[in-house]
Protein chains: 4
Amino acid sequence: MKRTDKRTRLLAAAEALLARKRMHEITLDEVVKAAHTGKGTVYLHFKDKEDLFQQVPEACCEKLFCALDAVAKGRQPFAAKLDAAWDTLLAFHERRRTLFSVIESQQEYSSHLKCDMRRRINASQGRIWEGVTRILGQGAAARMVRADIPPEVLARYMNSLARMFARHFAAHRGRAEQKAFLKRFFAAGAFETNHTRLHSRRTE
Amino acid sequence: MKRTDKRTRLLAAAEALLARKRMHEITLDEVVKAAHTGKGTVYLHFKDKEDLFQQVPEACCEKLFCALDAVAKGRQPFAAKLDAAWDTLLAFHERRRTLFSVIESQQEYSSHLKCDMRRRINASQGRIWEGVTRILGQGAAARMVRADIPPEVLARYMNSLARMFARHFAAHRGRAEQKAFLKRFFAAGAFETNHTRLHSRRTE
Amino acid sequence: MKRTDKRTRLLAAAEALLARKRMHEITLDEVVKAAHTGKGTVYLHFKDKEDLFQQVPEACCEKLFCALDAVAKGRQPFAAKLDAAWDTLLAFHERRRTLFSVIESQQEYSSHLKCDMRRRINASQGRIWEGVTRILGQGAAARMVRADIPPEVLARYMNSLARMFARHFAAHRGRAEQKAFLKRFFAAGAFETNHTRLHSRRTE
Amino acid sequence: MKRTDKRTRLLAAAEALLARKRMHEITLDEVVKAAHTGKGTVYLHFKDKEDLFQQVPEACCEKLFCALDAVAKGRQPFAAKLDAAWDTLLAFHERRRTLFSVIESQQEYSSHLKCDMRRRINASQGRIWEGVTRILGQGAAARMVRADIPPEVLARYMNSLARMFARHFAAHRGRAEQKAFLKRFFAAGAFETNHTRLHSRRTE
DNA sequence: TATGAATGAGGCTTCATTCAT
DNA sequence: GATGAATGAAGCCTCATTCAT
């Protein structure tokens, strides 16, 4: 349990620091000071610095997935679920401005990594889209989300828009209005209309 | 002219390396080897490594703006211009997968910088959206793009989607189909419909 | 204690190297090799190379002061004390030919330094004269050293002569004779005579 | 003549910079900027940076010698000549606080140098003492300077005291009084008395 | 298990020197 | 002869990693 405790504290410290800096600008000294552990302790729980930071997104993505999955499992109508999904996603990205850089570099480098490591990373990243995909899948089943673009693709659109929002509009004064713009735009792009129905039929 | 030459070659070398690695993983040795210059030459044109990499986006964004502006100034109908804009944006992001990380970190750190430096960075980044904004503005003027979301906001949506596409779907086998999805999604989200017209009227 | 050990070894190594070269001609690599430590260790104990070399005189001057103070506290007659002081001073300068350059450059640059640093340097340098001053003060009290020039001024004369001697006459064949010249010269210059007594009376 | 001009300007610039910094802290860029020449010009007149700075004392010492020799050749009584020598020496050292470091390092390194270079350096440094030695020699001939210490040794004493004075008492408020102390001390140490006459006889 | 002093490979930067103009 | 842009060797410093305690 103590073991878990230190490990968790290290991951939390790393995640917190990622809010302000990129991984390569964070020193292990900073991490262990924030986590109140010794420097050697890192190497009891992680192979190296890289490994520690690799596992930060893993934990985060899992948390995000859980939050979205909870929404998906709820009994609210689809529109409410989508709203909740937006809020969850936006909060996630606003709180972790640079986390996605780590994820992106993992993607960049996954080709150099050993096979099982790659699988682990892909699995963890998949969780990000998976939660959103489930909700959008429900919407598609209810004929509310367009069927001519796969839900997992729409999920990525949604995530990328959320990330961009966190970067450009979150600290804005007009955040609420901007959020409305965003939802409206996505709804118009992703919802089923007569037009999209024609498309679906054609591609079927 | 030779001076410009070396400077350009260094920027080009740095840009090329940014396609594969992040700035902190690129050594000056790599840059100067790629640029076929001596290491000291860097310091004739840039204050330090940081400064060199700061100026890479500046040059790139300008190039992107020029390409998009050329489209905007063309005489094709709006639909063709938007298509061309997509192609330009996608090519830009596919060729410069990690460039945006540099831009993002500039945003992150611009608060620490001296005022004129910050202004320079913001100006250069503004160019990215500016080209797209012009085209979408023409669409809005032609009543083809929804008027209830400002074109400069839609421009950011478009850019973030393009960036995501470069990362997730570019290397895909089904790139063509994915590109069709993307355009269709954006069109649905951004084009004027009866529904958006109602919105515009309300917000007016 | 180990910490002190490394720090001491680094200072000793730097001091030893200063016997042969000036600070700017000594590389950190040489110092750490001589001290049998790693390069990084320097930065655990000193801010940078400058700081390491700044602290060398501090330690040396303290040692010199201790040696001279021991003489001053002894029960020998003044003449014997002065003899011992000469031997101590000459040994000091012969062993540390270039150390004084460091001290001089500290004086040169102390104006640029922060106030407490400057105070520390001045305090440490003061020790050099302080030991000699005490002995000469005793001589003055015993009416053997002229009273019309303050002992702390005579102390500086003595030190500068010792330094010059280390540079010009130490390696000489006729070192013994030269040493006799030096002592005789200083004695004639510093000792009380009828003539100096007149001076003192006049200036009183 | 143009050639001489540039060479002179470079030496003057180097000498001026030596008033504030040590050779190793002065860059060639600074020198050529101060001398208003190009960087390559240095290598037309000097073998390298070392050679340039080696020649600075050479020129300075020669100037000092000339000044002192002029005094020696004058018709004033010895006491006035010695006074003039003090003034010349003090002015020299006060104006060139760090020049002597260069000379000292030349001595330090002369052992590594080629034979003719060493001879040149020694010759140039000899000039420093030579001027003073001549004057003191005249004093000895006139039985005013003690004969039991060779004039060339006393010359070095005098020079070392002058150097120390420039460093410790020149900027002082009580400079005039300090100067009086210094002259009085040296006179007492160097002048012939009954006592020194006994010594001379014994050593003869 | 936990620590943090010690390490040294590797990176950035400086600056004396060269050489094409 | 005069120049200064270009060079790269050499040095300082950082920081991930180790290991004795």
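Just so we're on the same page: letters track the sequence lines, and every chain starts at 1. We use all heavy atoms of the structure for the numbers below, so side chains are in, but hydrogens, waters and symmetry mates are not.
- For the OP1/OP2 pair of E:dA5 and a distance below 4.0 Å, the side-chain nitrogens and oxygens of C:His45 include no atom meeting the criterion.
- To the nearest 0.5 angstrom, C:Lys21 atom NZ is 3.5 Å from C:Glu30 atom CD.
- Using a 4.5 Å heavy-atom cutoff, the side chains of C:Leu11 and C:Glu15 are not in contact.
- Between C:His24 atom NE2 and E:dA16 atom P there is a gap of 12 Å when expressed in whole angstrom units.
- Across the protein-nucleic acid pair, D:Glu25 atom CD and E:dA16 atom C1' stand 16 Å apart, rounded to whole Å.
- When each of A:Asp48 and C:Lys49 is assigned the nucleotide of DNA chain F with its nearest heavy atom, C:Lys49 is the one assigned upstream, toward the 5' end.
- Side-chain nitrogen and oxygen atoms of B:Lys6 include at least one within less than 4.0 Å of the OP1 or OP2 phosphate oxygen of F:dT7.
- C:Cys61 and C:Ser124 make their closest contact through CB-O, 3.4 Å (heavy atoms, listed as atom of the first residue, atom of the second, distance).
- Atoms CG (C:Leu10) and P (F:dC12) sit 14 Å apart, rounded to a whole Å.
- Computed from coordinates, the C:Phe53 CZ to F:dC12 C1' distance equals 12 Å when rounded to whole Å.
- Annotation: proximity of residues 31-43 of chain A to DNA chain F (heavy atom, distance under 4.0 Å) is found for A:Lys39, A:Tyr43, numbered in ascending order.
- Atom CD of A:Glu50 is separated from atom P of F:dC15 by 16 Å (rounded to the nearest Å).
- Within the 4.5 Å cutoff, no side-chain heavy atoms of D:Arg167 are placed close to those of D:His93.
- Within 4.0 Å of C:Leu28, counting heavy atoms only, lie sugar-phosphate atoms of the nucleic acid but no base atom.
- Residue contacts for D:Leu52: at a heavy-atom cut-off of 4.0 Å it reaches no nucleic acid atom on any strand shown.
- Contact between A:Phe92 and A:Cys60 at its shortest, heavy atoms only, is CE1-O, 3.9 Å.
- Atoms CD (B:Glu30) and C1' (E:dG10) sit 12 Å apart, rounded to a whole Å.
- Ranked by how close their nearest DNA chain E nucleotide is to the 5' end, D:Thr27 and B:Met23 are led by B:Met23.
- Taking atom CG of residue A:Asp29 and atom C1' of nucleotide F:dC15, one finds them 8 Å apart after rounding to whole Å.
- Residues D:Phe53 and D:Val31 form a side-chain contact, since some pair of their non-hydrogen atoms from C-beta on lies under 4.5 Å apart.
- Taking atom CG of B:Leu44 as the reference point, atom C1' of E:dT13 lies 12 Å away to the nearest angstrom.
- Between the side chain of C:Lys49 and the backbone N or O of C:Val42 there is no donor-acceptor pair closer than 3.5 Å.
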query = Can you list the steps and then say if A:Glu25 with A:Arg20 is a side-chain contact (heavy atoms from CB on, under 4.5 Å)?
reply = CA-CA 10 Å; A:Glu25 294 153 1; A:Arg20 271 178 286 132; over 6 Å; no
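- The backbone N or O of D:His36 lies less than 3.5 Å from a partner atom in the side chain of D:Arg9, making a donor-acceptor pair.
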Dot-bracket summary - DNA chain F, pairs being Watson-Crick or G-U whose distances fall under 3.5 Å, with | when paired to another strand = .||||||||||||||||||||
